[in-house]
There are 2 protein chains.
Amino acid sequence: MTETDKTAEASPSRPRPRRSAKLDAEDTRAQGRRRLSMVDVAAHAGVSVGTVSNVLNRPEIVARPTLLRVKAAIETLGFVPSAPARQLRAGASRSVGVVVRDIGNPFFTEVLPGIESRLSEEQLLLVVCSSNDSPEKEAHYLQTLEQHRVPGILITPAGDDIGHLVDLHRRGVGVVLLDRPGADSQLCAVAVDNVRGGELAGNHLLSLGHRRIGFLNGPPAIRQCRDRREGLLRAVRNAGLAPDEVVTEVTLPVLNAAGGEAGLDELLAMAGPPPTALFCMNDMVALGALRNLEQRGMAVPGEMAVVGYDDVEFAALLSPSLTSIRQPKQQLGRAAAELLLTDARGDAGHWHQEIVFQPELVVRASSSAPARPSAG
Amino acid sequence: MTETDKTAEASPSRPRPRRSAKLDAEDTRAQGRRRLSMVDVAAHAGVSVGTVSNVLNRPEIVARPTLLRVKAAIETLGFVPSAPARQLRAGASRSVGVVVRDIGNPFFTEVLPGIESRLSEEQLLLVVCSSNDSPEKEAHYLQTLEQHRVPGILITPAGDDIGHLVDLHRRGVGVVLLDRPGADSQLCAVAVDNVRGGELAGNHLLSLGHRRIGFLNGPPAIRQCRDRREGLLRAVRNAGLAPDEVVTEVTLPVLNAAGGEAGLDELLAMAGPPPTALFCMNDMVALGALRNLEQRGMAVPGEMAVVGYDDVEFAALLSPSLTSIRQPKQQLGRAAAELLLTDARGDAGHWHQEIVFQPELVVRASSSAPARPSAG
DNA sequence: TCCCTGGGTTGAAATGTTTCAATTGCTGGT
DNA sequence: ACCAGCAATTGAAACATTTCAACCCAGGGA
């Protein structure tokens with residue numbers, strides 16, 4: 001009855017090497033043959049390099065027969081123009097960089113299409129980099145992107161200090177902060193009101209009657225974490241309660257499912273009565289927390305209400321369906337791209353803008369009133 | 001009681017533009033000032049450009065005081081070397097491209113860390129591109145990557161024909177197919193046995209007693225779709241049943257949750273008795289199907305058993321938890337990166353390899369025996 | 001016949017690096 | 001006093017393109 005078809009370890013079946021096609025006659029590789037350049041094409045077509053360049057960049061100004069001849073030469077030789085050389089001359093690149101904190105978090109991948117849709121209208125290519133919350137890696141990516149002379153960079157900074165981004169911008173690179181307010185508008189920014197989001201979550205749990213709330217937060221170096229925390233605490237204060245009696249906070253080193261799973265262990269191991277509700281920094285953390293709760297056999301929302309953040313695509317279908325704070329991801333991406341375009345243009349008249357969207361509470365099955373509401 | 005805190009439309013609060021920092025004195029932008037080059041640094045430090053280059057690339061061979069002086073000049077001027085110029089000279093880039101079919105599918109983002117971990121050991125940067133199943137977009141990305149002279153490209157092709165990839169490889173670019181067998185080993189490839197995966201799913205559902213299986217498949221142009229289908233049909237035949245009586249197939253135009261949601265409508269609208277089980281091309285499709293089933297009020301697995309594919313991170317926590325076919329994603333990524341490194345090296349002795357991993361069935365709550373098993 | 005016009009093409013400069021042969025300036029040995 | 005040997009630095013070529021002033025040539029008007 002039970003399917004036992006599984007392999008013990010997913011191990012590679014014996015790799016079966018074969019003769020490389022690389023050694024075929026028409027193969028260019030490993031033969032030390034120089035890569036083709038425009039002079040080869042020019043020679044083959046019997047024209048000058050200038051003409052080849054024209055064929056590539058302003059075909060309308062070259063005479064019909066010449067055009068055809070050069071195009072044929074390009075085709076038969078398999079010539080591919082060199083982007084570095086092109087760029088060196090032109091000065092600017094046609095790709096913009098997006099540096100996200102964690103590409104494994106669906107929130108970011110759900111923001112990307114919005115960005116991509118706007119930028120592809122301008123024939124710009126998107127280069128996606130994931131810093132994995134490491135400021136060093138982030139710095140490395142930024143350096144590379146700047147060296148590549150990209151016109152602009154969209155970034156969700158890993159750390160708190162954005163001085164290096166302001167410098168970057170000074171040096172002529174368009175910079176837009178993604179999902180993060182722009183410190184005193186030194187930079188363009190697109191964000192969702194995270195304080196409000198935290199407040200929404202807090203209001204929701206408090207109105208359900210919860211008086212002990214566990215908060216699986218991230219490192220305070222991440223701005224969003226501070227803001228959502230502030231919102232949560234504000235909700236508690238507005239309800240006339242004392243934050244440090246209501247909120248028990250755990251700081252996760254990583255904001256993914258594994259982090260959430262471990263964070264819940266830590267939270268429940270703390271002294272005092274356990275919380276009746278959980279607010280998670282994002283849905284991936286909530287996912288991990290739910291996994292942990294299930295293993296412990298704790299009922300959700302019966303023994304523990306759970307609220308996530310981001311409302312990623314799978315949130316509505318988790319078991320139980322996850323109450324979350326929705327962010328307008330597509331619009332966020334598009335607005336960011338739009339802003340980057342104007343910023344990268346670098347018009348003297350350009351003013352820094354900060355576009356702030358409003359989050360939205362989506363109530364689902366994972367949050368309900370506590371079993372025995374403790375007295376306020 | 002119900003939280004009504006939500007904003008009607010997540011609309012941006014009035015953008016508040018401020019004066020751009022761009023017009024400050026030390027700002028380089030929009031002033032037509034030429035970008036700094038090594039000659040500026042050289043002049044400022046009182047050395048030749050050759051020395052500046054040495055400071056950057058072989059600091060050990062330049063005398064201590066000179067080194068310091070040049071470094072200081074770089075610092076105070078804010079010089080950033082030009083990657084295009086550097087590359088033009090060097091010939092090769094330090095970034096490799098990864099072209100995936102859909103960055104919104106967690107399967108791909110869960111493969112990325114494996115790739116990234118191996119490549120970053122070689123100081124290579126990962127450039128991620130999402131073709132969104134569009135061969136045109138894929139071609140565009142490939143062209144750009146080739147023009148940038150990347151040493152190699154990892155790709156899950158959008159279409160069926162990989163002739164253009166073979167050509168690309170002939171022209172000297174390392175190419176490794178990701179999650180896709182390499183057609184007759186003309187290319188290196190890393191894959192999971194998709195036929196076997198389809199068979200595992202089929203065996204599982206058949207052994208539970210299902211005799212009418214709906215199959216939410218993708219376009220046959222995608223190799224994985226064909227392979228998993230073949231595996232499913234093989235399982236049916238091995239059970240002594242007629243495939244066309246057991247399997248009802250729907251071809252989804254897009255392999256995401258929206259596709260799965262619409263696909264189920266289509267499937268259930270077809271003539272004949274509805275299936276008792278559903279096999280989905282991937283977990284995102286299964287997610288959409290589950291969403292649809294929930295809206296219809298159909299019980300899972302009671303009225304419809306569901307099996308997904310990929311076993312992405314959230315699969316275990318869906319409602320109900322999703323039976324799926326697990327692929328060793330991390331290892332897949334790492335193996336692919338490893339293969340790309342040897343392929344890109346282009347040693348004459350290199351043989352094309354195809355590494356095939358084995359999938360694994362993970363049984364969870366979404367699949368059980370049908371309510372009234374129909375007779376074989 | 002001569003000059004002008006203008007479409008088409010050319011040749012060379014310019015872009016910012018790296019690399020390498022040549023040069024400089026020392027130190028120490030004879 | 002001379003030279004060998006060595007470390008440090010220099011200058012120029014090379015990389016593959018774009019751009020632009022100059023050039024060529026055919027045709028048309030005077």
Side-chain angles (χ1 to χ4, degrees), chain A residues 28 32-71 73-74 77-94 143-144 146-150 171-172, chain B residues 28 32-71 73-74 77-94 143-144 146-150 171-172:
Chain A
T28 317
R33 219 194 288 168
R34 199 176 45 74
R35 260 205 99 101
L36 294 162
S37 80
M38 296 205 326
V39 311
D40 302 298
V41 177
H44 191 274
V47 297
S48 75
V49 287
T51 301
V52 177
S53 174
N54 284 336
V55 168
L56 257 32
N57 302 303
R58 306 126 82 191
E60 66 281 3
I61 76 160
V62 12
R64 203 53 218 270
T66 319
L67 188 71
L68 263 38
R69 203 146 31 91
V70 173
K71 275 189 169 170
I74 289 175
L77 293 179
F79 164 73
V80 177
S82 154
R86 211 171 245 234
Q87 234 170 266
L88 172 58
R89 194 53 245 240
S93 153
R94 297 296 303 165
Q143 191 185 356
T144 308
E146 185 181 9
Q147 292 186 358
H148 275 275
R149 302 290 189 258
V150 296
R171 272 180 256 120
Chain B
T28 317
R33 217 193 290 168
R34 199 176 44 73
R35 262 206 97 101
L36 295 162
S37 79
M38 296 201 332
V39 310
D40 302 300
V41 177
H44 192 274
V47 296
S48 74
V49 286
T51 301
V52 177
S53 174
N54 284 336
V55 168
L56 257 31
N57 302 301
R58 307 124 84 192
E60 67 280 2
I61 75 159
V62 15
R64 202 51 219 256
T66 320
L67 187 72
L68 264 40
R69 203 145 33 89
V70 173
K71 276 190 167 168
I74 290 175
L77 292 179
F79 164 73
V80 177
S82 155
R86 212 171 246 233
Q87 236 171 264
L88 173 58
R89 193 55 242 249
S93 154
R94 297 297 303 165
Q143 191 185 358
T144 308
E146 184 182 8
Q147 292 186 359
H148 275 276
R149 301 289 188 262
V150 297
R171 272 181 257 121

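Chain naming here is simple, since letters A, B, ... match the order of the sequence lines and numbering starts at 1 in each.
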Quick one: which of dA16(D), dG16(C), dT9(D) gets closest to the side chain of Ser82(B)? dG16(C)
Just the rounded figure in Å: distance from P of dT15(C) to CD of Gln87(A). 17 Å
From CD of Glu60(B) across to P of dA7(D) the rounded distance in Å is 13 Å
Side-chain N or O of Thr66(A) closer than 4.0 Å to phosphate OP1/OP2 of dT9(C): yes
Interatomic distance where CD belongs to Gln147(A) and P belongs to dT17(C) [whole Å]: 9 Å
Answer with base, sugar-phosphate or nothing: what part of the nucleic acid does Pro81(A) contact at a heavy-atom distance below 4.0 Å? sugar-phosphate
Using a 4.0 Å heavy-atom cut-off across all strands, classify Ser53(B) as base, sugar-phosphate, or nothing. base
For Ala63(B) and for Leu88(A), locate the closest nucleotide of DNA chain D by heavy-atom distance; then report the residue assigned to the nucleotide nearer the 5' terminus. Ala63(B)
What's Ala90(A) touching, base or sugar-phosphate or nothing? Going by heavy atoms closer than 4.0 Å. nothing
Taking only the side-chain nitrogens and oxygens of Arg86(A), find out if one of them lies under 4.0 Å from OP1 or OP2 of dT18(D). yes
For Arg171(B) versus Gly78(A), what's the shortest heavy-atom pair and its separation? CD-O, 3.6 Å
Just by modelled atom types, is the Gly91(B) backbone N or O under 3.5 Å from a matching donor or acceptor in the Arg149(B) side chain? no
Test your reading of the model: is there a side-chain donor-acceptor pair from Gln87(B) to the backbone of His148(B), 3.5 Å cut-off? yes
Rounded to whole Å, how long is the line connecting atom CZ of Arg94(B) with atom P of dT17(C)? 18 Å
Ile61(A) CD1 to dC20(D) C1': how many Å, rounded? 11 Å
Do Val80(B) and Arg35(B) pass the side chain to side chain contact (heavy atoms under 4.5 Å, CB included) test, and can you show the C-alpha distance, the side-chain angles, and the key distance before you say yes or no? CA-CA 9 Å; Val80(B) 177; Arg35(B) 262 206 97 101; 4.2 Å; yes
Roughly how far, to the nearest 0.5 Å, is the CZ atom of Arg69(B) from the CZ atom of Arg64(B)? 13.0 Å
Gap separating the CD atom of Glu60(B) from the CG atom of Asn54(B), nearest 0.5 angstrom: 9.0 Å
Let me confirm one number: the CZ-CG distance from Arg86(B) to Leu56(B), rounded to the nearest 0.5 Å. 5.5 Å
Using the C1' atoms of five pairs at each end, what's the angle between the two axes of the helix from dT1(C)-dA30(D) to dT30(C)-dA1(D), to 10 degrees? 70°
Give the minimum heavy-atom separation between Leu77(A) and Asp40(A), together with the two atoms involved. CD1-O, 3.9 Å
Each nucleotide N or O in nucleotides 10-14 of chain C that has a protein N or O under 3.5 Å away: list the pair and distance.
from: dT10(C); atom 1: OP2; to: Ser48(A); atom 2: N; distance (Å): 3.0
from: dT10(C); atom 1: OP2; to: Ser48(A); atom 2: OG; distance (Å): 3.2
from: dT10(C); atom 1: OP2; to: Thr51(A); atom 2: OG1; distance (Å): 2.7
from: dA14(C); atom 1: N3; to: Arg89(A); atom 2: NH1; distance (Å): 3.1

Length of the CZ-P vector between Arg58(A) and dG8(C), whole Å: 13 Å
Whole Å only: how far is the CZ atom of Arg64(A) from the P atom of dG8(C)? 12 Å
Using atom CG of Leu56(B) as one end and atom P of dT19(C) as the other, report the distance to the nearest whole Å. 12 Å
Tell me which one of Val62(B), Val47(B), Ile61(B), Leu68(B) satisfies side chain to side chain contact (heavy atoms under 4.5 Å, CB included) with Val55(B). Val62(B)
Walk me through it: do Val70(A) and Val41(A) pass the test side chain to side chain contact (heavy atoms under 4.5 Å, CB included)? CA-CA 7 Å; Val70(A) 173; Val41(A) 177; 4.3 Å; yes
